[in-house]
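Below: one structure, written as structure tokens.
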Number of protein chains: 2
Amino acid sequence: MDKTEKCEKAEKCCDKRELIIQAALELVAEQGFHGAPMAMIAEKAGVGAGTIYRYFENKDDLIRWIYKNVEERFVEVMMQGYPENGPVRERLLHIGTALVRHLIREPLQLRFVEQFHNSPYGVDHRREKIFGEGRKDVISELFQEALQQQIFKPLELAILFSLFFGPLIDICRDHILGFIKLDDALIEQVVGACWDALRR
Amino acid sequence: MDKTEKCEKAEKCCDKRELIIQAALELVAEQGFHGAPMAMIAEKAGVGAGTIYRYFENKDDLIRWIYKNVEERFVEVMMQGYPENGPVRERLLHIGTALVRHLIREPLQLRFVEQFHNSPYGVDHRREKIFGEGRKDVISELFQEALQQQIFKPLELAILFSLFFGPLIDICRDHILGFIKLDDALIEQVVGACWDALRR
DNA sequence: CTCTTGCGAATGAACGGTCATTCCAAATTA
DNA sequence: TAATTTGGAATGACCGTTCATTCGCAAGAG
């Protein structure tokens, strides 16, 4: 009895936070920020409305925390099995297909970040991402390398990103909404098309 | 006096409507739907809050009406100087550059449709656009033609649209937000890159 | 072991503010 | 004057956040 109770308590403690996060993620993804009032998040998570404020300072804090985590997941996924020493093309195609596969496997995550990007948060976030102390992540470095090797058209990073990631995210949304039906072959075709847009 | 008054009345009548539309367009574009309450729209338009409801059934009606008009403007602009009998590539490049040039000239219109697309309205609208009785507009026909002539990669229309228009809209947003600086030469480069994505 | 006590976690009704929409008195027009 | 349009206060619904209260459990007392 003792141990069981302790376990339950420990779990409950962590669980509450997770339950809130999951509920908020789902509601925002499915209904947008308007359709995700704190009361509804609390109900869906099975906790009291006030309880959320024991774990998060306010709604913004909750939302930003979820976004940060989801974005980290994206990077993790793109880096899984990343052919570090392969040619640029292989590395980029890996990133593209890994991202698309992840996004259609986790539709809620995609819908959430889309909601986030198209909100007051979004602009600030993008601004910091573009101007914030010269990009040190693996993906930016890959693009820089391709530019130096004159593999890519000589365009700014922001434009190259739009050419590559823009359509990929669009087709994931269309897939999730049931407008198109992606399979592995089709994903490779589209990622290849995005590569063609970048290639000199 | 009679004529003047009549003119004034006629103008006033149309003017009020136009003022409301312009105010709503600006507020939604700049602040999103959250930042555009009816009271603020009324104030910006210089009319009473209730007056709006003499011209529009409700907020949805107002928003949809604006969207429809803005979208029509887009099509108009893309069709201006459209090289009806030119090769597919020339026609598509015309559409792309005309669209981009218009969007960065009318930032409010772009921001408005982006807000619209990322809202409950957006999904319904896109669904109807994709499934709604096989596309009869000039642009869809152009894409169909390119498919038949095996100029394009054999992909669904929705995907081809994403490959071409997705990045163009992205770069317009980045330009408007001051993240990049588009000029005519750069626009042509990017439109060309989007063409490369489509080309077999 | 039983009972009491103390305390942090959890709760949800209540608050202040904002929103879309309504409604009617006042203004304008005919 | 009669009819129509206008303005903006009033309305009611809803939201994020708060806070007085309750709850559950572990430690201490007997």
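Below, chain A is the first sequence line, B the second, and so on; all start at residue 1.
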Compile the donor-acceptor pairs under 3.5 Å between side chains in residues 32-49 of chain B and protein atoms, sequence neighbours left out, one pair per line.
| unit_1 | atom_1 | unit_2 | atom_2 | d |
| --- | --- | --- | --- | --- |
| His34(B) | NE2 | His34(A) | NE2 | 2.6 |
| Lys44(B) | NZ | Glu26(B) | OE1 | 3.3 |

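Residue pairs satisfying the salt bridge (charged side-chain N to carboxylate O under 4.0 Å, His left out) criterion with at least one member in residues 91-108 of chain B, sequence neighbours excluded, are listed as follows: Arg91(B)-Glu145(B), Arg101(B)-Asp184(B). The side chain to side chain donor-acceptor pair (under 3.5 Å) contacts involving residues 150-170 of chain B comprise Asp196(A)-Lys153(B), where partners must be two or more places apart or lie in separate chains.
By the side-chain hydrogen bond (donor to acceptor under 3.5 Å, both in side chains) test, Arg126(B) pairs with Asp174(A), sequence neighbours left out. Under the ring pair (Phe, Tyr, Trp, His ring centres under 6.0 Å) criterion, His175(A) pairs with no residue at all, not counting sequence neighbours.
One interatomic measurement links the two molecules: CZ of Arg54(B) to C1' of dA27(C), which rounds to 13 Å at whole-angstrom precision. One atom, CD of Gln31(B), and another, P of dT18(C), lie 15 Å apart when rounded to the nearest Å. Distance, Asp61(B) CG to dA20(C) C1': 14 Å, rounded to whole Å. Here the P atom of nucleotide dT4(D) and the OH atom of Tyr55(B) are 15 Å apart, to the nearest Å. Look at CD1 on Ile52(A): it is 12 Å from P on dG12(C), rounded to the nearest Å. Protein atom NZ of Lys44(A) is 21 Å distant from nucleotide atom C1' of dG12(C), rounded to whole Å. Distance Asp15(B) CG to dT6(D) C1': 15 Å, rounded to the nearest Å. If you measure from atom CZ of Arg17(B) to atom P of dT5(D), you get 14 Å, rounded to the nearest angstrom.
Checked for salt-bridge contact, Arg173(B) and Glu114(B) meet the test: a charged N lies under 4.0 Å from a carboxylate O.
OP1 or OP2 of dA10(C) lies within a sub-4.0 Å distance of a side-chain N or O belonging to Lys16(A).
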Each nucleotide of nucleotides 13-18 of chain D classed B (base within 4.0 Å of a protein heavy atom), S (only sugar-phosphate) or -, in 5' to 3' order, makes --SSBB

